[in-house]
Amino acid sequence: MFTIIRDLARQNLEFLCGLLLFAVIVGFIILSYFSPYAPTDIYLLPPDMPPDGDYWLGTTSRGQDVFWQLTTALRNTLYFGIGVAFLSRIISLVVGLVAGYAGGTVDRVLMAINDSIMVIPQFPLLILFYFVLKDSMTWTVLIVIMASLGWSYDARLIRSVAIGLKTRPFTTQSVYSGMSMRKILVEEHLPYVLPIVFATTMNNMIWSIGMEITLSVLGFTDIETPTMGMMIYWANAHSALIAGIWWWVAAPVAVIVILFLALFLLSMSMNEYNDPRSRLNRMGS
């Protein structure tokens, strides 16, 4: 994996730009651990102060420093996206590899479940979960629910690769040597799908973070936990744009754009790396 990242950084400008933008995001997250203010404390500072030397991104109507609030919100949002992506990658890997290798009834049953998950309207279902669970809808529960909904497309992609790997000579040799299905999938097939997993992880993070921002802006999450969507929620609740407090909205929106752009560039360059023709064309040019 490190070799792939090194090659991409040398040969692919999009990947390098995405990596640099993501490094900026990581820098913001590191700063959040040095914040002089507790993330949930309010009315600590003069409200509605515009950006200046004392408050780099201004203050909110709740008396919070936008810069330090932004670092904590970005950290929570990114951790949320990583949590959803990690759990959904495990599900998609297990389903995709097992379905592609086992075939037959196992494949049909797993793909029937996969296709059922694929057609479920996710956003209305998440809102329904919020109204049903309400106080029980913690961030951990939301991560599990979204991970349970976000694996189906990638599982089908991994399955298609696994079907091709099943007919390769090294798989036949592994079977004749007495290797179990688990060892074949983990030791022989998994390395071939890891680049695909990396690319789909970026796509899944974009989806899950976008969904979190949407739910938070509408107030369908824990409003006391700072996230990117929750910053916009509180700015909207205090009519920040109407009151001329533009920096309260502009800061999280700008960082969201940078985060999405970084993940998109990483995903796009990884998809190109996975396509041999695209990789050869870039090397030739």
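The chain is numbered in sequence order, starting from 1.
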Quick one: do the [X] and [Y] side chains pair a donor with an acceptor below 3.5 Å?
| X | Y | value |
| --- | --- | --- |
| Gln122 | Trp207 | yes |
| Arg108 | Thr105 | yes |
| Glu212 | Thr227 | yes |

Residues that Asp115 engages under salt bridge (Lys or Arg N to Asp or Glu O under 4.0 Å), provided they are two or more places apart: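 Applying salt bridge (Lys or Arg N to Asp or Glu O under 4.0 Å) to Asp115 gives Arg156.
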With sequence neighbours excluded, residues passing salt bridge (Lys or Arg N to Asp or Glu O under 4.0 Å) with Asp65: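 For Asp65 there are no salt bridge (Lys or Arg N to Asp or Glu O under 4.0 Å) partners, ignoring immediate neighbours.
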Minimal non-hydrogen separation, [X] against [Y], with atom names:
| X | Y | value |
| --- | --- | --- |
| Ser208 | Gly81 | OG-CA, 3.5 Å |
| Asn76 | Pro226 | ND2-O, 2.6 Å |
| Ala162 | Gly96 | CB-O, 3.9 Å |
| Gly18 | Ala262 | O-CB, 3.7 Å |
| Met231 | Ala73 | SD-CB, 3.8 Å |
| Ala99 | Met111 | CB-CE, 4.0 Å |

[X] and [Y]: same hydrophobic cluster, using ILVMFWY side-chain contacts below 4.5 Å?
| X | Y | value |
| --- | --- | --- |
| Leu128 | Ile145 | yes |
| Val161 | Val106 | yes |
| Leu149 | Val132 | yes |
| Leu16 | Phe198 | no |
| Ile82 | Leu263 | yes |

With a cut-off of 3.5 Å and sequence neighbours excluded, list every side-chain donor-acceptor pair involving residues 236-254.
{"unit_1": "Trp247", "atom_1": "NE1", "unit_2": "Met49", "atom_2": "O", "d": "3.4"}
{"unit_1": "Trp247", "atom_1": "NE1", "unit_2": "Thr59", "atom_2": "O", "d": "2.9"}

For residues 136-144, tabulate all N or O donor-acceptor pairs below 3.5 Å that involve a side-chain atom, not counting sequence neighbours.
{"unit_1": "Thr138", "atom_1": "OG1", "unit_2": "Val141", "atom_2": "N", "d": "3.3"}
{"unit_1": "Trp139", "atom_1": "NE1", "unit_2": "Thr225", "atom_2": "OG1", "d": "3.3"}

Taking side chain as C-beta onward, heavy atoms only, is [X] less than 4.5 Å from [Y]?
| X | Y | answer |
| --- | --- | --- |
| Leu215 | Tyr130 | no |
| Met270 | Met202 | no |
| Leu165 | Glu188 | no |
| Val66 | Thr60 | yes |
| Gln69 | Leu57 | no |
| Thr167 | Thr171 | no |
| Ile232 | Met228 | no |
| Phe15 | Leu266 | yes |

Output yes when a side-chain donor or acceptor of [X] lies under 3.5 Å from a complementary backbone atom of [Y], and no otherwise.
| X | Y | answer |
| --- | --- | --- |
| Asp48 | Ser61 | yes |
| Ser32 | Ile29 | yes |
| Ser174 | Met179 | no |
| Ser160 | Leu157 | yes |

Let me confirm one number: the [atom1]-[atom2] distance from [X] to [Y], rounded to the nearest 0.5 Å.
| X | Y | atom1 | atom2 | result |
| --- | --- | --- | --- | --- |
| Trp234 | Glu224 | CH2 | CD | 5.5 Å |
| Ile196 | Leu93 | CD1 | CG | 10.0 Å |
| Thr72 | Leu31 | OG1 | CG | 10.0 Å |
| Phe129 | Phe220 | CZ | CZ | 15.0 Å |
| Leu74 | Leu259 | CG | CG | 6.5 Å |
| Ile184 | Lys166 | CD1 | NZ | 10.5 Å |

Residue pairs passing the salt bridge (charged side-chain N to carboxylate O under 4.0 Å, His left out) test where at least one lies in residues 235-261, sequence neighbours excluded: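 Every candidate salt bridge (charged side-chain N to carboxylate O under 4.0 Å, His left out) pair involving residues 235-261 fails, so no pair, neighbours aside, qualifies.
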Salt bridge (charged side-chain N to carboxylate O under 4.0 Å, His left out): pairs with one or both residues in residues 51-64, sequence neighbours excluded: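 As it turns out, there is no salt bridge (charged side-chain N to carboxylate O under 4.0 Å, His left out) pair with a partner in residues 51-64 once direct neighbours are skipped.
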Partner residues of Tyr192 under the ring-ring contact (aromatic ring centres under 6.0 Å, His included) criterion, sequence neighbours left out: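 Partners of Tyr192 by the ring-ring contact (aromatic ring centres under 6.0 Å, His included) criterion, ordered by chain and then number, come out as Phe170.
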Tyr55: ring-ring contact (aromatic ring centres under 6.0 Å, His included) partners, not counting sequence neighbours: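 With sequence neighbours excluded, Tyr55 shows a ring-ring contact (aromatic ring centres under 6.0 Å, His included) to no residue whatsoever.
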Using residues 33-45 as the side-chain source, report each donor-acceptor pair under 3.5 Å to any protein atom, sequence neighbours left out, with the distance given to one decimal.
{"unit_1": "Tyr33", "atom_1": "OH", "unit_2": "Tyr79", "atom_2": "OH", "d": "2.7"}
{"unit_1": "Ser35", "atom_1": "OG", "unit_2": "Tyr37", "atom_2": "N", "d": "3.2"}
{"unit_1": "Ser35", "atom_1": "OG", "unit_2": "Tyr37", "atom_2": "O", "d": "3.0"}

Parallel, tilted or perpendicular: ring planes of Phe67 versus Trp56, cut at 30 and 60 degrees: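 Ring orientation, 0 to 90° scale: perpendicular.
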Using residues 83-91 as the side-chain source, report each donor-acceptor pair under 3.5 Å to any protein atom, sequence neighbours left out, with the distance given to one decimal.
{"unit_1": "Ser88", "atom_1": "OG", "unit_2": "Val84", "atom_2": "O", "d": "2.8"}
{"unit_1": "Ser88", "atom_1": "OG", "unit_2": "Ala85", "atom_2": "O", "d": "3.1"}
{"unit_1": "Ser88", "atom_1": "OG", "unit_2": "Asn204", "atom_2": "OD1", "d": "3.3"}
{"unit_1": "Arg89", "atom_1": "NE", "unit_2": "Ala85", "atom_2": "O", "d": "3.3"}
{"unit_1": "Arg89", "atom_1": "NH1", "unit_2": "Asp154", "atom_2": "OD2", "d": "2.4"}
{"unit_1": "Arg89", "atom_1": "NH1", "unit_2": "Thr200", "atom_2": "OG1", "d": "3.1"}
{"unit_1": "Arg89", "atom_1": "NH2", "unit_2": "Gly150", "atom_2": "O", "d": "3.3"}
{"unit_1": "Arg89", "atom_1": "NH2", "unit_2": "Asp154", "atom_2": "OD2", "d": "2.8"}

ILVMFWY clustering at 4.5 Å (side-chain atoms), partners of Tyr153: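 Members other than Tyr153 - counting any ILVMFWY side chain reachable under 4.5 Å - are Met118.
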With sequence neighbours excluded, residues passing side chain to side chain contact (heavy atoms under 4.5 Å, CB included) with Ala155: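 Once residues adjacent in sequence are excluded, the partners of Ala155 under the side chain to side chain contact (heavy atoms under 4.5 Å, CB included) criterion are Ser92, Val95, Asn114, Trp151.
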